[in-house]
Every structure is written in C-alpha cells, then in structure tokens.
Amino acid sequence: MAEENHTIKNEFILTGFTDYPELKTFLFVMFFAIYLITMVGNLGLLIMISKERRLHTPMYLFLGSLALVDSCCACVITPKMLENFFSENRMVSLYECMAQFYFLCTVETADCFLLAAMAYDRYVAICSPLQYHTRMSKKLCIHMAVGAFIAGNLHCMIHVGLLFRLTFCGSNHIKHFYCDILPLYRLSCVDPYVNELVQFVFSGSIQVFTIGSVLISYLYILSTIFKMKSKEGRVKAFSTCASHLVSVSLFYGSLFFMYIRPNLLEEGDKDIPAAILFTIVVPLLNPFIYSLRNKEVISVLRKILKIKS
C-alpha cells in the first residue's frame with residue numbers, strides 16, 4: 001500500500017474555476033467573448049502598426065510588441081481553459097504542463113521589460129524631445145524589443161529546468177485554470193525550497209528592475225510636466241502617459257501579488273483572482289487603453305474604415 005500511495009504522478013487534473021454545472025455555460029460564453037475581443041483588438045492593432053508607415057516609430061514598435069505578447073498570452077491560456085469547461089477528461093501531462101508554464105512565463109517576462117522600455121521611451125520623448133530621434137534610434141528599439149523576448153526565454157528556462165528536480169506522488173489535482181509553477185510546488189513530494197528561492201530571486205529581481213525603471217522614468221516625466229508653462233502642453237504630455245500608467249499598475253500589481261507575496265505555498269486559493277487579472281483582463285484592456293487615448297491610432301482607424309466604406 002505504501003508503494004501504491006507513493007506512485008509517481010506524470011499527469012494532472014486542472015480543476016478550473018468551478019464544479020457547478022449551472023455556471024459553466026455562462027463562464028464559457030463570457031471567457032470565449034473575452035478571448036475573441038482580445039485577439040481582434042491586439043492582432044488588429046499589430047496589423048495596423050505594421051501596415052501604416054506613420055506608425056513606424058519607437059513608441060508604436062513597443063506597442064506592437066506588447067500587442068504580440070498579449071495575443072500569445074491569450075493563446076497559451078484561454079483555449080485549454082475553454083476546452084476544460086465541458087471536458088470530462090481534464091488531464092494534462094507533466095510535459096504539457098511545463099510547456100504551458102514556459103510559454104506563459106516567457107511572454108509575461110517579456111511584458112515586464114517591454115513596459116519598462118515604453119516608460120523609457122516616454123521619458124526621452126518628454127524630457128529630452130530634441131534628442132529623441134538620436135537616443136531612440138530604430139536599431140536601439142529593435143534591440144530592446146528582441147532583448148525583452150530573449151530575457152523572457154532565458155528566465156523561464158531556468159524555472160522549467162528546476163522543475164525536473166521535483167517528483168509528484170500525492171494528489172494530482174491542480175487547483176487552477178492553467179498549469180502554473182506554484183500549484184506544482186504545492187503538489188511536489190520533494191521540498192521545493194531551492195525552486196522557491198530561485199524563483200523569488202529571479203522574479204523579484206526582474207520586477208524590481210523593471211518597476212524601478214518605470215518609476216524613475218515617470219518621476220522625471222512628472223517633474224518635467226509640472227515645469228511646463230503651457231497648460232495645454234501639460235495636459236497633452238500627461239495624456240500620453242496616463243494610459244501607460246494604468247496598464248502598468250494593473251499588470252505589475254497582480255503579478256507582484258501572485259509571485260512575490262509571502263506564504264505563497266499556503267495560500268493557493270488567492271492565486272486565481274490575480275491570475276485572471278494579468279492573464280485575461282490585462283491583455284483584453286491593453287489595446288483599448290492605448291488606442292482609445294491615442295489620436296494617431298484613431299486617425300489611422302478612421303482612414304481604414306473610410307477606405308473600406
């Protein structure tokens with residue numbers, strides 16, 4: 001019996017949001033609608049930026065990269081989640097689990113660096129406008145965007161590599177709607193202290209560095225805005241930054257709560273609301289937060305609609 005109870009588990013069951021059948025149809029329809037809007041909004045913004053020459057500037061290069069990241073995030077999480085609403089077999093293999101976490105971790109880490117790059121771009125544009133085209137060259141912007149994805153890749157390879165030191169011999173129920181690293185730690189028969197320590201150090205360092213970059217950039221931006229003599233100039237400068245601040249606050253707030261808070265392994269019930277916010281809500285809102293407050297994007301959209309009509 002002892003050997004049977006300690007059988008190594010290589011498959012897991014994703015419990016999802018709820019076991020109440022009456023809620024499943026409503027949740028499926030809601031999240032399917034969110035998924036469609038997210039994909040249309042982000043891919044539409046990405047296509048618009050790639051096709052319109054006047055949007056081939058550093059700010060829109062980063063915005064297009066962010067739209068790509070948000071599209072990938074939605075594709076990694078939502079289809080499997082929707083399938084599990086009505087699936088009798090919610091099984092997922094250990095390697096599928098690791099793959100889903102790897103891709104999600106990569107895009108979310110890239111998101112952190114892209115938001116920091118966007119903050120630096122706004123800092124140069126507002127605080128040093130005469131040097132903007134020199135300091136934010138096309139080559140530098142491409143390097144920053146590609147570097148964000150490379151950093152995300154390397155960061156996640158470390159965590160996935162360390163998952164192979166764990167064994168799973170107890171319950172195989174993951175109390176989540178996708179495969180995340182924290183539920184796997186909770187199911188491990190091996191003490192995940194090393195994994196937790198590496199995660200805290202690397203994830204904490206990335207968030208401190210990127211959040212610090214955003215905060216420092218915006219302190220300089222706000223200082224410059226308040227020194228402007230023109231009220232119209234202050235309003236215009238603040239308007240270009242307000243949307244970025246909203247996106248940054250939502251994303252970093254949920255991410256920080258998810259992975260950096262104390263007692264991570266004892267409070268699994270608190271994961272899902274924060275996970276919904278940064279994997280589903282933020283990718284949904286980003287294209288609208290940036291587009292609806294952006295006169296150039298609205299102008300291009302109106303031009304496209306007129307041509308089609």
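Because the structure is predicted, anything quoted here is derived from the model rather than measured.
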Spacing of [X] atom [atom1] and [Y] atom [atom2] [to the nearest 0.5 Å]:
X: Thr109; Y: Phe202; atom1: OG1; atom2: CZ; value: 11.5 Å
X: Met81; Y: Phe177; atom1: CE; atom2: CZ; value: 6.5 Å
X: Met98; Y: Ile181; atom1: CE; atom2: CD1; value: 9.0 Å
X: Met118; Y: Leu115; atom1: CE; atom2: CG; value: 6.5 Å
X: Asn84; Y: Leu14; atom1: CG; atom2: CG; value: 5.5 Å
X: Phe251; Y: Gln207; atom1: CZ; atom2: CD; value: 7.5 Å

Q | Listed partners of Ala119 passing side-chain contact (heavy atoms from CB on, under 4.5 Å), at least two apart | A |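 In terms of side-chain contact (heavy atoms from CB on, under 4.5 Å), with neighbours along the sequence ignored, Ala119 is linked to Val214, Ser217, Tyr218, His244.
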**Q.** Flag, side chain of Arg90 to backbone of Thr15, donor-acceptor distance under 3.5 Å
**A.** yes
Q) Within the side chain of Gln100, is there an N or O that forms a donor-acceptor pair under 3.5 Å with the backbone of Val76? A) yes
Does a side-chain heavy-atom distance below 4.5 Å link [X] with [Y]?
X: Ile158; Y: Leu154; value: no
X: Phe26; Y: Met30; value: yes
X: Glu11; Y: Val92; value: no
X: Ile216; Y: Tyr123; value: no
X: Leu68; Y: Phe149; value: yes
X: Leu187; Y: Ile174; value: yes
X: Arg122; Y: Ile221; value: yes

Cluster check [X], [Y]: I/L/V/M/F/W/Y, side chain < 4.5 angstrom:
X: Ile13; Y: Leu27; value: no
X: Ile47; Y: Leu284; value: no
X: Met157; Y: Leu197; value: no
X: Val198; Y: Phe164; value: no
X: Leu182; Y: Val194; value: no

Considering all heavy atoms of both residues, which atom of [X] and which atom of [Y] are nearest to each other, and what is their separation?
X: Asp111; Y: Leu66; value: OD1-CD1, 2.8 Å
X: Ser93; Y: Glu96; value: N-OE1, 2.9 Å
X: Ser213; Y: Ala116; value: CB-CB, 4.1 Å
X: Gly64; Y: Leu46; value: O-CD1, 3.3 Å

Results of ring pair (Phe, Tyr, Trp, His ring centres under 6.0 Å) for [X] - residues two or more places apart only:
X: Phe86; result: Phe28
X: Tyr178; result: His176
X: Phe62; result: none
X: Phe101; result: none

**Q.** salt bridge (Lys or Arg N to Asp or Glu O under 4.0 Å) pairs, two or more places apart, involving residues 202-211
**A.** none
Q) Among pairs that include at least one residue of residues 37-53, which meet side-chain hydrogen bond (donor to acceptor under 3.5 Å, both in side chains), considering only residues two or more places apart or in two chains? A) Glu52-Arg54
Q | Summary of side-chain hydrogen bond (donor to acceptor under 3.5 Å, both in side chains) pairs that have at least one residue in residues 59-77, sequence neighbours excluded | A | Tyr60-Asn294, Tyr60-Glu296, Asp70-Asn286
Q) Between Phe168 and Asn172, is a side chain to side chain contact (heavy atoms under 4.5 Å, CB included) present by the stated rule, with each step listed? A) CA-CA 8 Å; Phe168 307 93; Asn172 67 338; over 6 Å; no
Q.
Applying disulfide bond (SG atoms under 2.5 Å apart) as the test, list every pair that has at least one member in residues 51-94; sequence neighbours left out.
A. none
Q: Scan residues 91-137 for pairs that pass disulfide bond (SG atoms under 2.5 Å apart), counting only residues two or more places apart or in two chains.
A: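 Only Cys97-Cys179, Cys105-Cys156 qualify under disulfide bond (SG atoms under 2.5 Å apart).
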Would you mind writing out the side-chain donor-acceptor pairs for residues 135-147 within the sub-3.5 Å range, not counting sequence neighbours?
unit_1: Arg135; atom_1: NH1; unit_2: Ser128; atom_2: OG; d: 3.3
unit_1: Arg135; atom_1: NH2; unit_2: Tyr120; atom_2: OH; d: 3.4
unit_1: Ser137; atom_1: OG; unit_2: Leu140; atom_2: N; d: 3.2

Q.
Working note: Ile37 + Phe288, criterion side chain to side chain contact (heavy atoms under 4.5 Å, CB included); need CA distance, chi angles, decisive distance, verdict.
A. CA-CA 10 Å; Ile37 296 169; Phe288 301 101; 3.7 Å; yes
Q | Transitive ILVMFWY cluster of Phe113, excluding itself - 4.5 Å side-chain cut-off | A | Ile206, Phe209
Q. Going by atom types only, do Asn10 and Tyr95 share a side-chain donor-acceptor pair under 3.5 Å?
A. no
Q. Under the side chain to side chain contact (heavy atoms under 4.5 Å, CB included) criterion, do Leu163 and Leu184 qualify, and how do the steps go?
A. CA-CA 8 Å; Leu163 282 176; Leu184 289 176; 4.1 Å; yes
Q: Tell me, with the steps shown, if Leu55 and Met48 meet side chain to side chain contact (heavy atoms under 4.5 Å, CB included).
A: CA-CA 8 Å; Leu55 299 182; Met48 190 189 304; 4.2 Å; yes
